[in-house]
Amino acid sequence: MVASILPIWFFAVYLGLGAWRHGRLDLREDLTFAVQAQLNSLDQEIAGEETALRLLAAAPSLQRGDFAAFQRQAAALAALLPEHTVTLLAANGRPLLDSRGSAFAPGAAAPPYFTPSAVAADLSPLYHDPADGTPSVALTLPVRREGRLLYVLALSCPSRLFLPYIHEPGSPASWIGAIIDQSGTVLARVRQPDLYVGHPAAAQVLRALRGPARQGVAEFVNLEGETILAAYRRSARSGWSMVVAVRQVTLESDLRHWLIMTALGGLSLLLFTALAVLLLWRAFAATERARRRQEILLRHASDGVHILDAVGTVLDASDSFAQMLGYQRHEVIGMTVGQWDAGFTPQELAAVVAEHLTDQDGRSFETRHRRKDGSVLDVEVTSHALELDGQPILFCASRDISERKTAERAMREANAELEQFAYIASHDLREPLRSISTYITLIERNYAQAFDAEGQTFLGIVRDGARRMNRMVLDLLEFTQVGRSGTQCAPLPLQEALDAALANLDQTLRETGAAFLQDRPLPVVMGNRTELTSLLQNLIGNALKYRDAARTPQVRLTLRDEPEGWHLAVADNGIGIEPEYFEQIFVIFQRLHNRELYPGTGIGLAICRRIVNRHGGRIWVESTPGQGSIFHFTLPKGDLPADGDHAG
Ligand code: ADP
């Protein structure tokens, strides 16, 4: 990566250096242009001042010798040129008056700029003002009458007033400008004026200025010993020269700046590229890792994972799904769900796919898949509607439940056989029992006197046993009958079943003096009349049977409407049940008490559980020994016909 960025960097440095060299050429041109423009402005300024001075020299007041009026006019001109002074000198250089109104003694000395030989307007060399030593210059104009020199008019000012002409606003701060007078003295300078102004310019510069070319660009060494690149030009009009220069150190620091900036730019480019490559690489690595993890998930999922599009075509599938159907993975991709599903018709399948696509919570259902070899297996499919690249998809997982289904079928068959056996056994057992009962009755009636007291007791035991046996067989028969009676579930007003149960228990209710309470009328449910009557009769019967002798029995039937279904509870104030028997009591023939105290066969609650289970509900008990028990059961609400025909 570094290797790939290096050429870019070198190229940037090359461009930078090229630009700098080019910039240096441009610089010579710029300096030349600046020097020309600035000298031009300076010439114009001087020409303007000369014109103003000539106008003043032609003033009638001077011709008349009216010095007071002339002084006012000189002051007016000076007011237009700040820091300038207009002075009128006599032909011998003696000052007569000035624009400031100075009083000059009759013997006052001639100012430094005065030259007796003045013949035309002339610029003086630099002089130091006698009053305050300020480096100044003056423009002098001889005033003649009929060839005779009468006066010399002078316009003087500090030389620093020319600074604006040697460094125009907008030119680079590193440029140094200077004006050199006709004698080679520095008049004004932008940088270090104290060091230069009033001193002769560097010899090299002076040589160039006095050369025939009058202008040019060259490298010089200045008074400070620094090498400078300077453009110079001497004005033919005023004799003054203008120099605009750049120091070599500035140029070198510019080059250094260029190089540093280019290096920094290159370095930033390098870092930026490195960072971008790193980020890209990390993003790519993360995506690649995620893709590999997904592939592992998909390949090794034990369930047959497959992704379907909106019309049921396989977009992708796991190896296990392909194996489940006996295909290769690439064969499964592109197949449609109808090609392997054996549980639905094509129309049903289309409806199932469309319906599941709208359900993001996911669904599970059972169906059958057909393998490549034609054999069929039972599966449970879980599907989730998702979105992939803006398209709806179904994420499905098929689980092979063939073994479970086979086991369930085997269990159902075994149960059916067992029930058949119990039914036949209990049915057939009644026949010999009936014979025993009949013959015992005959023996008691015809041969009672033949038995002594002991024989009578034995006979009683046999009769009792036969009766109990008969009861048990009948109960067993009822147990096996649950769910067998041809009567199917139908809408049944549960109140009718309760009334029938209470009618059957009427005698016991009266004998025990029990109170039966019902909090609200019972609903219509989907159920079997005989079985639900038996359920209620068993529970209420037990509540009465297992009453506490010390209290009047109270049985309360409550009803609650719950999301799960109807929740009913039969509560009593009887003897109660120890918690460890809460499960056991629902098992067939399981009893907690001896027959003498509480007669029974131990089948009642087993029948109750069977009935409730068959109706799709649950049954359980809550109890506090010595206080009472509550038997809870639920019945699903089911789909009742809308016409209200609830004949049970
Ligand atoms: P059975 O009543 O014929 O013994 P069940 O199957 O109806 O048989 O009851 C099983 C056992 O559960 C009973 O022997 C009794 O000990 C206990 N049992 C049932 N209902 C109640 C109840 N309401 N209060 C106390 N114990 C009860």
Side-chain angles (χ1 to χ4, degrees), residues 419 422 426 429 464-483 497-498 500-502 504-505 507-509 511-519 530-559 567-615 617-634:
E419 278 172 16
S426 46
L429 274 176
D464 213 38
R467 202 176 292 139
R468 267 196 306 117
M469 183 88 166
N470 192 37
R471 184 69 254 158
M472 281 176 87
V473 169
L474 279 176
D475 283 352
L476 195 62
L477 207 58
E478 189 187 343
F479 181 80
T480 56
Q481 281 302 87
V482 174
L498 174 68
L502 290 175
N504 293 341
L505 292 167
Q507 197 186 346
T508 325
L509 280 165
E511 279 171 10
T512 56
F516 178 80
L517 307 159
Q518 184 189 348
D519 66 341
T530 316
E531 291 175 4
L532 291 181
T533 305
S534 168
L535 168 70
L536 289 165
Q537 189 174 328
N538 261 309
L539 294 178
I540 299 168
N542 277 351
L544 298 175
K545 185 169 23 163
Y546 299 104
R547 66 184 176 272
D548 189 326
R551 312 187 267 266
T552 311
Q554 239 186 31
V555 186
R556 179 186 291 271
L557 176 67
T558 55
L559 169 80
H567 179 159
L568 293 104
V570 178
D572 63 46
N573 59 347
I575 57 172
I577 307 162
E578 294 288 343
E580 69 245 48
Y581 302 117
F582 282 179
E583 263 307 304
Q584 191 183 317
I585 54 172
F586 291 101
V587 177
I588 192 164
F589 296 136
Q590 295 292 325
R591 309 200 68 239
L592 305 181
H593 306 283
N594 72 36
R595 271 196 316 278
E596 279 67 40
L597 217 50
Y598 298 103
T601 54
I603 292 183
L605 286 181
I607 291 175
C608 288
R609 172 170 277 184
R610 217 166 138 82
I611 292 171
V612 173
N613 286 352
R614 190 175 101 79
H615 281 79
R618 290 189 307 126
I619 184 166
W620 69 101
V621 69
E622 255 181 354
S623 176
T624 311
Q627 286 188 19
S629 312
I630 309 170
F631 282 84
H632 300 269
F633 66 96
T634 59

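This structure is a prediction, so every number in the text was calculated from the model and none was measured. Just follow the structure's listing: the first ligand is 1, and inside any ligand the first atom is 1.
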| query | Who's the nearest protein heavy-atom neighbour of atom 3 (O) of ligand 1, and how far? | reply | G602 N, 2.9 Å

| request: Assess G574 for proximity to ligand 1: is some non-hydrogen atom of it under 4.0 Å away? | output: no

| Are the side chain of T552 and the backbone of A514 linked by a donor-acceptor contact shorter than 3.5 Å? | no

| task | Find all atoms of ligand 1 within a distance of less than 4.0 Å from any non-hydrogen atom belonging to T601, and give their numbers and elements. | result | 3 (O)

| said: Just to verify, which of Y598, Y546, Y581 counts as forming a side-chain contact (heavy atoms from CB on, under 4.5 Å) with L592? | reply: Y581

| request: Assess F631 for proximity to ligand 1: is some non-hydrogen atom of it under 4.0 Å away? | output: yes

| task | With the side chain counted from C-beta on, respond yes when V612 and F586 share a heavy-atom pair under 4.5 Å apart, and no when they do not. | result | no

| Hey, does the Lys NZ or Arg CZ of R610 hover above the aromatic six-ring of F479, less than 6.0 Å from the centre and inside 45° of the axis? | yes

| query | Quick one: are N573 and D548 in side-chain contact, heavy atoms under 4.5 Å? | reply | no

| note | Separation between NE2 (H567) and CZ (R618), nearest 0.5 Å, reads 8.0 Å

| message | Would G600 count as being in polar contact with ligand 1, using the rule that some N or O on each side must be under 3.5 angstrom apart? | response | no

| Shortest heavy-atom approach to atom 1 (P) of ligand 1 - which of Y598, Y546, F589, F586 | Y546

| task | Identify, for atom 10 (C) of ligand 1, the protein heavy atom at the shortest distance, and state residue, atom and that distance. | result | Q590 O, 3.5 Å

| note | for atom 16 (O) of ligand 1, nearest protein heavy atom and its distance come out as H593 CD2, 3.0 Å

| query | Side chains of L605 and F631: does their closest heavy-atom pair fall under 4.5 Å? | reply | yes

| task | Please report which non-hydrogen protein atom sits nearest to atom 6 (O) of ligand 1, along with the residue it belongs to and the distance in Å to one decimal place. | result | L605 N, 2.8 Å

| Where ligand 1 meets L592 - atom numbers and elements under 4.0 angstrom, heavy-atom basis | 14 (O), 16 (O)

| message | Applying a heavy-atom cut-off of 4.0 Å, say which part of K545 lies close to ligand 1: side chain, backbone, both or neither. | response | side chain

| Atoms of ligand 1 less than 4.0 Å from G576 heavy atoms? | 25 (C)

| said: Between D572 and R547, is there a side-chain heavy-atom distance shorter than 4.5 Å? | reply: no

| When you measure from atom 12 (O) of ligand 1 to every protein heavy atom, which one gives the shortest distance, and what is it? | I585 CG2, 3.3 Å

| note | G604 heavy atoms within 4.0 Å reach ligand 1 at atoms 5 (P), 6 (O), 7 (O)

| query | Of the options L539, N538, T533, which is the one that meets L535 in a side-chain contact (heavy atoms from CB on, under 4.5 Å)? | reply | L539

| note | atom 4 (O) of ligand 1 sits nearest the protein heavy atom R591 NE, 2.6 Å

| task | Select one of side chain, backbone, both or neither to describe which atoms of D572 lie under 4.0 Å from any atom of ligand 1, heavy atoms only. | result | side chain

| Where on I577 is there a heavy atom closer than 4.0 Å to ligand 1, on the side chain, on the backbone, on both, or on neither? | side chain

| Centres of the H615 and F633 rings: under 6.0 Å? | no

| field | Parallel, tilted or perpendicular: ring planes of H632 versus W620, cut at 30 and 60 degrees | value | parallel

| Top protein contact for atom 7 (O) of ligand 1, by heavy-atom distance | N542 ND2, 2.9 Å

